[in-house]
Amino acid sequence: MPDATQAPSFDPPGFALPGLTLGVASAATQIEGGDADTNWHRWADVPGRIADGTTPRRAADHWNRVEQDTALLGELGIGHYRMGLEWARIEPSPGHFDRTAINHYRDELTALRAAGITPLVTLHHFNNPGWFEAAGGWEARHALTVFDRYVDYVLVNLGDLVDEWITLNEPNVYATKGWVDGDWPPGVSGSIRRAQKVMQTMAAAHIRTYLTIHRAWPRAKVGVANHLRAFAPKRRWNPLDRVSARGAEYLFQTALTRAFSVGRFLAPFVQPPDIDPGHYYDFQGINYYTRSSVTGLADGVARRVPVNDLGWEIHPAGLVEVARWTHERYPGPIWITENGTPDAADAFRPLFLHDHLKAIAGSGLPIERFYHWCFTDNFEWAEGEEPRFGLVALDYPTQQRTVRESGRFYADIIANRGVTAAAYRRWVLGRHYPRNDA
Ligand code: BGC
């Protein structure tokens, strides 16, 4: 805790973060545990699909540990918490809603608010009910009206407790993994066309949800958690690589961001007849992790760069690059709705945090919020339990939570509203990133 009688010193290499509010992020399927019948539970039950053979059934057992986790947020002084809802729990069969599940979320939201923690609630984070998936999921003809029905129920039952909403998490990652790479449900490989169709439907779902929320709660803040990647040509001097990088960027994020932000659906999308161009965000939510190095149709990781436990390039300047790109096209407040790194040893996470926050501090952009991904370690989709993204380490068998040094550092940044010179010396100095030089 800082000494209240003394202003914190931000002498270099420290820096202040005026105007930036920090929080942490999570997602229902990744932390709750239990037997909810989701697309991911069904997917993980087929051997070989999750790298380490785990399923979302254990995760962080957050469903049974809400009280403990809320208390831990409070202990670390974290005042903003991004959390997800499990649609399959709320609507276990089509049109039938579970009072116990929605009341559980009411209790959680009430407890967060009582602890002075502002929730930011995600309606969809890669997680469909099993019955929705089985009926065609986001490709089904009635997908939009089925999603509307769930949204309506949530708004009636939770709307009084939530002022900030994320409609959808990363439609581009969801569609690419599920329909192009095929290693996420529904497991379709190589169909860029179907992936684009799913993104188009999800952009429409966002706009409908945006309007629905505002009709019910005019002052609510609503946006998408948009996964934006920095794209670079593998060989900077090569014109073909440069064109490929722009092309990959366009298909992955440029057209989608335009569609959901302002309702303009450019090729390969088709303008839906019931959507008018307009302004469909109260903040631009950005999830930023890494940079892609592109050549031809392949998108990979550059050589001789810093990398994390999953081999993704660590490139802090890219965060500001994508935020600036967004701001120039879709001005308004920017919320970094996810940023973090898998680092099981917690060896470089403090440096990662420092570098990304420093990039924000010097950016001159209206970045208002920053949510670290993640609060506790959790079920990392097809990678299972192995990658460790948490500020809080999780011992899965005992479910014991232990705050990592990076968690202590983050708490210190929140308390001081910046990185003090002393914090820099304690947590950052002398740390290095692993590299893929070998
Ligand atoms: C997703 C999270 C995920 C994180 C790390 C984001 O793409 O929203 O669910 O755990 O990245 O891979």
Side-chain angles (χ1 to χ4, degrees), residues 23-33 38-41 43-44 50-52 54-56 59-60 62 81-87 120-128 165-178 180-181 183-185 195 199 202 206 223-230 252-253 256-257 284-292 299 301 307-315 318-319 322 335-344 349 352-353 356 369-392 394 406:
V24 293
S26 67
T29 315
Q30 293 183 270
I31 62 168
E32 285 181 357
T38 75
N39 53 336
W40 276 96
H41 287 71
W43 180 256
I50 307 297
D52 60 4
T54 56
T55 80
H62 175 72
Y81 181 54
R82 178 179 166 209
M83 59 176 271
L85 303 176
E86 190 61 86
W87 179 6
L120 166 62
V121 175
T122 313
L123 286 159
H124 186 274
H125 194 131
F126 307 153
N127 51 343
N128 301 320
W165 296 94
I166 286 173
T167 55
L168 303 171
N169 184 72
E170 304 188 343
N172 53 354
V173 171
Y174 174 73
T176 305
K177 301 294 278 174
V180 181
D181 301 343
D183 51 359
W184 285 18
M199 283 194 230
M202 294 183 100
H206 161 72
V224 169
N226 188 22
H227 183 107
L228 292 178
R229 208 174 284 169
F252 187 69
Q253 61 199 31
L256 174 70
T257 306
Q284 281 287 343
I286 297 176
N287 293 358
Y288 173 78
Y289 287 90
T290 189
R291 168 164 73 171
S292 281
D299 127 17
V301 180
V307 288
N308 67 26
D309 287 3
L310 286 170
W312 307 346
E313 182 180 356
I314 297 171
H315 181 57
L319 172 55
V322 299
W335 294 8
I336 305 303
T337 38
E338 284 181 31
N339 174 246
T341 190
D343 173 16
R349 185 177 288 105
F352 182 99
L353 262 168
H356 286 77
R369 299 270 181 96
F370 177 93
Y371 292 83
H372 181 269
W373 181 272
C374 193
F375 181 42
T376 63
D377 290 335
N378 58 75
F379 180 76
E380 174 60 19
W381 311 115
E383 304 293 339
E385 292 175 352
E386 199 154 307
R388 303 295 185 132
F389 278 90
L391 294 174
V392 176
L394 186 62
S406 51

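Whatever order the structure lists ligands and atoms in, that order sets their numbers, starting from 1.
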message: Between Glu383 and Asp52, is the side chain to side chain contact (heavy atoms under 4.5 Å, CB included) condition met? List the steps.
response: CA-CA 7 Å; Glu383 304 293 339; Asp52 60 4; over 6 Å; no
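- In terms of polar-atom proximity, defined here as any N/O pair under 3.5 Å, Asn378 makes no such contact with ligand 1.
- Using a distance-only test at 3.5 Å, with no hydrogens or angles considered, a donor-acceptor pair links the side chain of Arg349 to the main chain of Thr341.
- Between the side chains of Ser292 and Asp299, a donor-acceptor pair is found at a separation under 3.5 Å.
- Relative to atom 9 (O) of ligand 1, the option among Lys177, Gln30, Arg229 with the closest non-hydrogen atom is Gln30.
- A donor-acceptor contact closer than 3.5 angstrom links the side chains of Asn226 and Thr257.
- Those atoms of ligand 1 with a heavy atom of His125 less than 4.0 angstrom away are 1 (C), 2 (C), 8 (O), 9 (O).
- In summary, the atoms of ligand 1 found under 4.0 Å from a heavy atom of Phe389, numbered by their order in the structure, are 5 (C), 12 (O).
- The part of Trp312 lying near ligand 1 is the side chain, judged by heavy-atom distances below 4.0 Å.
- Nearest to atom 10 (O) of ligand 1 among the protein's heavy atoms is Glu380 OE1, 2.6 Å.
- Proximity of Val173 to ligand 1 is not established, as no heavy-atom distance is less than 4.0 Å.
- Remark: distances from the non-hydrogen atoms of Glu383 to ligand 1 are all 4.0 Å or more.
- Partner of Tyr371 under the side-chain contact (heavy atoms from CB on, under 4.5 Å) criterion, chosen from Ile336, Leu120, Val24, Asn287: Leu120.
- Aromatic pair Trp43/Trp184: centroids not less than 6.0 angstrom apart.
- Ring centers of Tyr174 and His124: under 6.0 Å apart, within the cut-off.
- Within the listing of ligand 1, atoms 1 (C), 6 (C), 7 (O), 8 (O) sit less than 4.0 angstrom from a heavy atom of Glu170.
- Ring geometry for His125 against Trp381 counts as parallel: the plane angle stays under 30°, on a 0 to 90° scale with 60° as the upper cut.
- The nearest heavy-atom contact from the protein to atom 4 (C) of ligand 1 is Tyr289 OH, 3.3 Å.
- Protein heavy atom closest to atom 1 (C) of ligand 1, with residue, atom name and distance, is Glu338 OE1, 3.3 Å.
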